[in-house]
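So the structure is just underneath, and the comments pick up after that.
Whatever order the structure lists them in is the order used to number ligands and atoms, beginning at 1.
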Amino acid sequence: MTNIAIIGDEQSGRTSLGSKLGKKGTDSDITLFNDDRHEQKYVYIDAKSYPKSMKSIVAALNLSDMAILCITPNGLTPIVGECVVALDLLGFKRGIIAITKSDTSYAMEIDAFKETLKKVTAGTVLENWEVVSLNTNKDAPNAFEGIDELKEQIHKLGADIEAEQRTKDDLPPRVVIDHFFNVTGIGIVILGKVLQGTIHTHDKIGLYPVDKKVDIRSIQTHDVDVKETGTGSRVGLGLKGLLERELERGFLLSNSELIASDFEIECTLSKFTKGGVKLDDVLHLFVGLQSDPVRVKKITVGGTEKDKLNAGETGILKLEGGKKIAYSKEDVFLFASLEENQRFTATGKVV
Ligand code: GDP
Ligand code: MG
């Protein structure tokens, strides 16, 4: 299964594109569009509440294997810059740039825009992404131009993603929870993504950071009951042994996770983080779909204590948070600062 984030600025045609590519499913601050028509399944995740909500884009990206960045022909806004920074910080190697609303522009203008985009993305993970210009306007003379080309690119990347997923089926299972509810007669149902490994019905698995065991009663993928499913699947799981109030978005089903609320993280600041990071600053920490504001208690650069980490610099931040977070040593922590023009400021891993 290939999970594809659709991101970009407001009014960039994200939702129109999602509805063209799949059938609308789960809808909260992200909207899922499913395409089950092929042997290979696709799920599109529209970061609907972004740019207002950072959580929306972080959720969409963390649930996805690739991204589509939507930009209109005259839409190179600061928010697009922020999307590029987020993709670069998270090391999103696979994706496509969609120049949307191609019916509102001219071929020459779009070609010039492609050149501009090349300059903007040079040196970032996006520099080798394919660029496709398209529209979803059924009344335009060139109605749906580019949609087939986009699908072709998605299917090509999807084949690589699928192959990579199969190499992870034997790893210890890890499922991230993005939605959950109580269903009369069934109990707790969670929706989420198998990040790695394979899960089976009747597995007993840990719920983190709660740190208790739950039973997997049933598994559904694309509304079909299955006995087991592997890496990359979007799933609905019937769970036994927990209460709805014990759950939060971002919690993990896994057999081994670290749990902490304070962290020491080796961080590299984005070169666009103008103000840097100072002692006592409050940053928004994201790991997977969990988030928490954390306070900077100590900054160390090359073994020396400092009161500031500058743009582009790498150092160790000691951070104090307010709630338990489940994570693993390989997880990428993403930081945002609401005072910055480009709010995503840094990434790092636990030291
Ligand atoms: P979002 O805010 O990024 O989700 O953008 P929407 O998909 O909601 O689109 C914003 C507006 O642009 C809506 O009024 C759409 O009807 C319109 N729109 C979206 N795609 C196209 C397109 O390809 N061509 C034209 N002409 N209008 C579009
Ligand atoms: Mg929308």
Side-chain angles (χ1 to χ4, degrees), residues 3-35 42-64 66-87 90 92 95-114 116-117 120-121 126 129-154 178-179 191 234 249 289 342-344:
N3 301 275
I4 304 147
I6 303 183
I7 64 168
D9 205 344
E10 251 163 346
Q11 299 288 312
S12 62
R14 298 165 298 172
T15 305
S16 306
L17 183 61
S19 7
K20 179 73 192 147
L21 295 170
K23 199 170 121 260
K24 187 170 169 178
T26 306
D27 183 25
S28 58
D29 61 335
I30 50 176
T31 310
L32 272 56
F33 296 94
N34 302 298
D35 179 5
Y42 302 89
V43 178
Y44 296 90
I45 307 173
D46 174 13
K48 170 174 120 178
S49 303
Y50 179 77
K52 208 174 269 161
S53 157
M54 316 274 302
K55 283 184 187 171
S56 171
I57 188 173
V58 172
L61 291 175
N62 275 297
L63 291 168
S64 296
M66 61 172 282
I68 300 174
L69 174 58
C70 294
I71 316 175
T72 62
N74 51 8
L76 206 53
T77 60
I79 290 297
V80 173
E82 184 173 271
C83 289
V84 173
V85 170
L87 291 161
L90 288 173
F92 244 79
I96 298 163
I97 297 176
I99 302 179
T100 51
K101 304 190 185 182
S102 68
D103 58 311
T104 65
S105 187
Y106 301 99
M108 261 171 61
E109 243 172 33
I110 288 176
D111 286 342
F113 189 55
K114 282 184 181 169
T116 310
L117 285 176
V120 172
T121 57
L126 287 83
W129 287 20
E130 293 290 336
V131 181
V132 178
S133 65
L134 58 87
N135 74 74
T136 56
N137 179 7
K138 66 175 171 26
D139 298 322
N142 56 348
F144 303 123
E145 173 195 32
I147 295 292
D148 285 341
E149 188 189 341
L150 176 72
K151 283 186 186 166
E152 223 170 89
Q153 294 295 343
I154 293 168
D178 51 66
H179 296 82
L191 305 181
R234 266 207 71 77
R249 178 184 272 189
L289 271 64
Q342 275 161 12
R343 293 167 290 179
F344 291 108

Point to revise | Verdict with reasoning, D29 to R249, per salt bridge (charged side-chain N to carboxylate O under 4.0 Å, His left out) | key: CA-CA 12 Å; D29 61 335; R249 178 184 272 189; 2.8 Å; yes
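- Between K101 and S12 the shortest side-chain heavy-atom distance does not fall below 4.5 Å.
- Of the candidates K101, R14, K48, the one placing a heavy atom closest to atom 28 (C) of ligand 1 is K101.
- The closest approach between a heavy atom of T104 and any atom of ligand 1 is below 4.0 Å.
- Between I7 and Y50, every side-chain heavy-atom pair lies at or beyond the 4.5 Å cut-off.
- Counting heavy atoms of neighbouring residues, nucleotides and ligands inside a 6.0 Å radius, atom NZ of K23 does not exceed 12 of them.
- For the pair S12 and ligand 1, a heavy-atom separation below 4.0 Å is found.
- Listed by number with element, the atoms of ligand 1 under 4.0 angstrom from any heavy atom of D9 are 3 (O).
- Contact between E10 and R14 at its shortest, heavy atoms only, is CA-NH2, 3.6 Å.
- For the pair K20 and F144, the cation-pi criterion (under 6.0 Å, within 45° of the ring axis) is fulfilled.
- Within the 4.0 Å cut-off (strictly below), a protein heavy atom is located near atom 22 (C) of ligand 1.
- Put simply, atom 14 (O) of ligand 1 has no protein non-hydrogen atoms near it, under 4.0 Å away.
- Closest to atom 4 (O) of ligand 1, if we only count protein heavy atoms, is T15 OG1, 2.8 Å.
- The existence of a salt bridge linking D27 and K48 is confirmed by a sub-4.0 Å separation between a basic side-chain nitrogen and an acidic carboxylate oxygen.
- With salt bridges taken as basic N to acidic carboxylate O contacts below 4.0 Å, none links D103 and K138.
- Of all the heavy atoms of E10, the ones lying under 4.0 Å from any atom of ligand 1 belong exclusively to the backbone.
- Residue side and main chain included, S16 places no N/O/S atom under 2.8 Å of the Mg ion (ligand 2).
- The protein heavy atom nearest to atom 16 (O) of ligand 1 is S16 OG, 4.5 Å.
- For atom 20 (N) of ligand 1, the nearest non-hydrogen atom of the protein is T136 OG1, 3.1 Å.
- Side-chain polar atoms of N3 and S64 form no donor-acceptor pair below 3.5 angstrom.
- Near N135, meaning under 4.0 Å from any of its heavy atoms, are these atoms of ligand 1: 23 (O).
- Judged by the shortest distance from any of its heavy atoms, L17 lies outside the 4.0 Å radius around the atoms of ligand 1.
- Regarding atom 5 (O) of ligand 1, its nearest protein heavy-atom neighbour is G13 N, 3.0 Å.
- Here the closest non-hydrogen pair linking T100 and P73 is O-CD, 3.0 Å.
- With a heavy-atom cut-off of 4.0 Å, D103 touches ligand 1 through its side chain alone.
- Those atoms of ligand 1 that come under 4.0 Å of a heavy atom in Q11, given as number and element, are 1 (P), 2 (O), 3 (O), 5 (O), 10 (C), 11 (C).
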